[in-house]
Amino acid sequence: MRKRRKKQELTGLLFVLPSLVGVLAFVLAPFADVIRRSFASAITEEWVGLKNYQDVLVNNAFRLACWNTFRFSVICLPALLGISLLIGVLLQEKTRAGEAIKTAFLFPMAIPVASVVLVWRTLFEKQGLLNGIWNGLGLSPVEWMDSPTAFWVLVGSYLWKNLGYDIVLWMAGLSGISSAIYEAARIDGAGEWTIFRRITLPCLLPTLFTVSVLSILNSFKVFREAYLVAGDYPHRSMYLLQHLFNNWFRDLSFDRMAAGAVLVCLVILCLIGIMRRGFDKE
């Protein structure tokens with residue numbers, strides 16, 4: 001039995017070894033170098049201690065980018081999770097129609113970024129489609145991408161592109177709930193809202209954690225559309241951390257970029273850790 005157990009452990013280790021080596025070589029080792037650079041000068045690489053972190057924390061552009069990124073996440077994540085869960089529950093009850101609609105919801109993720117940018121410009125440019133409709137109604141044109149409205153355009157783009165992905169994840173979690181539980185609850189006289197609150201939501205907690213983490217990570221990908229539409233310096237309402245890091249990289253400010261990346265990574269790790277702990281208690 002001992003030999004068989006050791007053989008199974010060795011087989012498992014050999015199975016994960018290529019992935020482990022890849023993570024060490026391409027993720028952990030580069031990030032360790034980023035941590036080292038965050039305590040050193042960008043040019044001479046001399047040890048400067050916490051100076052880079054102090055420079056980042058007092059930087060107005062960093063504060064603006066952090067606030068916009070925080071506001072974007074606080075608005076988008078609850079809206080995305082709530083809407084996708086509602087649609088997922090409705091589609092799960094209509095299995096036949098749900099399969100076709102579920103596939104249609106995934107189309108936005110398959111659309112290339114360049115095509116999305118073209119749609120953005122067609123709709124939201126000063127001479128675009130929406131301003132053409134505005135002119136037809138006798139209203140003044142709106143500077144969609146050069147006003148606070150740009151932030152809400154970014155929010156709408158994120159929700160549109162990631163809604164279908166989250167719906168599929170919710171439906172996968174819903175399919176794992178036994179129908180016998182629902183039948184027993186209905187026999188006992190439970191209403192639909194009680195069933196949803198007492199059965200569906202508790203059973204979806206593991207799925208909620210996964211969907212939340214993936215949604216947070218996907219929120220950083222919205223930078224591609226914003227950058228291609230508005231460039232390095234968009235309207236201040238949609239100036240995100242990705243814009244800041246991109247500009248620091250262009251200016252060769254590797255020390256500040258490394259310090260900022262470490263701070264952002266720590267915040268995300270703490271957030272995920274708090275979420276994990278909360279879900280484990282539940």
Side-chain angles (χ1 to χ4, degrees), residues 60-61 63-88 90-91 97-98 100-170 211-212 214-247 250:
N60 291 328
R63 293 181 178 181
L64 175 63
C66 286
W67 166 246
N68 287 336
T69 304
F70 172 76
R71 185 164 68 113
F72 179 80
S73 300
V74 167
I75 293 174
C76 286
L77 294 180
L80 178 63
L81 295 177
I83 296 172
S84 60
L85 175 58
L86 177 61
I87 297 176
L90 294 176
L91 292 180
I101 299 175
K102 181 172 65 175
T103 304
F105 270 121
L106 288 175
F107 284 159
M109 294 203 71
I111 298 176
V113 176
S115 300
V116 176
V117 171
L118 181 61
V119 174
W120 270 37
R121 291 181 174 175
T122 302
L123 292 174
F124 301 112
E125 285 287 345
K126 189 173 182 179
Q127 305 298 329
L129 180 61
L130 289 180
N131 277 333
I133 297 175
W134 253 236
N135 289 332
L137 296 175
L139 301 174
S140 301
V142 179
E143 294 284 352
W144 297 99
M145 301 306 299
D146 196 22
S147 67
T149 312
F151 176 80
W152 298 106
V153 173
L154 195 65
V155 170
S157 175
Y158 170 78
L159 294 177
W160 169 76
K161 191 157 189 177
N162 293 278
L163 185 64
Y165 182 63
D166 282 14
I167 289 173
V168 173
L169 294 177
W170 283 125
V211 175
S212 300
L214 292 177
S215 298
I216 292 173
L217 298 178
N218 286 333
S219 67
F220 287 92
K221 298 179 182 179
V222 76
F223 163 73
R224 297 175 298 178
E225 291 88 344
Y227 177 78
L228 290 175
V229 170
D232 296 329
Y233 296 97
H235 188 268
R236 62 182 289 112
S237 65
M238 60 182 291
Y239 188 78
L240 304 176
L241 281 170
Q242 298 93 321
H243 290 95
L244 180 68
F245 289 150
N246 181 73
N247 294 335
R250 184 197 58 194

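Position 1 is the first residue of the sequence, and the numbers go up from there.
Taken from OG1 in Thr149 to CG in Leu154, the straight-line distance is 12.5 Å, to the nearest 0.5 Å. The OH atom of Tyr227 sits 14.0 Å away from atom CG of Leu240, with the distance rounded to the nearest 0.5 Å. Here OG1 of Thr69 is found 3.5 Å from CG of Leu241. Values are rounded to the nearest 0.5 Å.
Legend: residues meeting ring-ring contact (aromatic ring centres under 6.0 Å, His included) with Phe151, ordered by chain and number and at least two apart, are absent. For Tyr158, the side chain to side chain donor-acceptor pair (under 3.5 Å) test picks out no residue, with sequence neighbours left out. Legend: residues meeting side chain to side chain donor-acceptor pair (under 3.5 Å) with Ser215, ordered by chain and number and at least two apart, are Asp166. Qualifying side chain to side chain donor-acceptor pair (under 3.5 Å) partners for Ser237, counting only residues two or more places apart in sequence or in other chains: His235. Residues satisfying the side chain to side chain donor-acceptor pair (under 3.5 Å) criterion with Tyr165, sequence neighbours excluded, are absent altogether.
The number of heavy atoms from other shown groups lying within 6.0 Å of CH2 (Trp67) does not exceed 12. Under a cut-off of 6.0 angstrom, the local environment of CZ in Arg71 is crowded, with over 12 non-hydrogen atoms contributed by other residues, nucleotides or ligands.
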Q: In sequence, state the C-alpha distance, the side-chain angles, and the governing distance for Met238 and Asn68, and then conclude on side-chain contact (heavy atoms from CB on, under 4.5 Å).
A: CA-CA 6 Å; Met238 60 182 291; Asn68 287 336; over 6 Å; no
Which side-chain N or O atoms in residues 76-88 pair as donor and acceptor under 3.5 Å with protein atoms at least two apart or in another chain?
unit_1: Ser84; atom_1: OG; unit_2: Leu80; atom_2: O; d: 2.6
unit_1: Ser84; atom_1: OG; unit_2: Leu81; atom_2: O; d: 3.1
unit_1: Ser84; atom_1: OG; unit_2: Trp170; atom_2: NE1; d: 2.9

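The shortest heavy-atom contact between Gln242 and Ser219 is NE2-O, 4.1 Å. Between Val222 and Phe72, the shortest heavy-atom distance links the atoms CG1-CZ, 3.9 Å. Nearest heavy atom pair, residue Ile75 against residue Trp152, reads CD1-CH2, 3.6 Å.
The aromatic rings of His243 and Tyr239 lie parallel to each other, their planes meeting at an angle below 30°, with 60° marking the opposite boundary.
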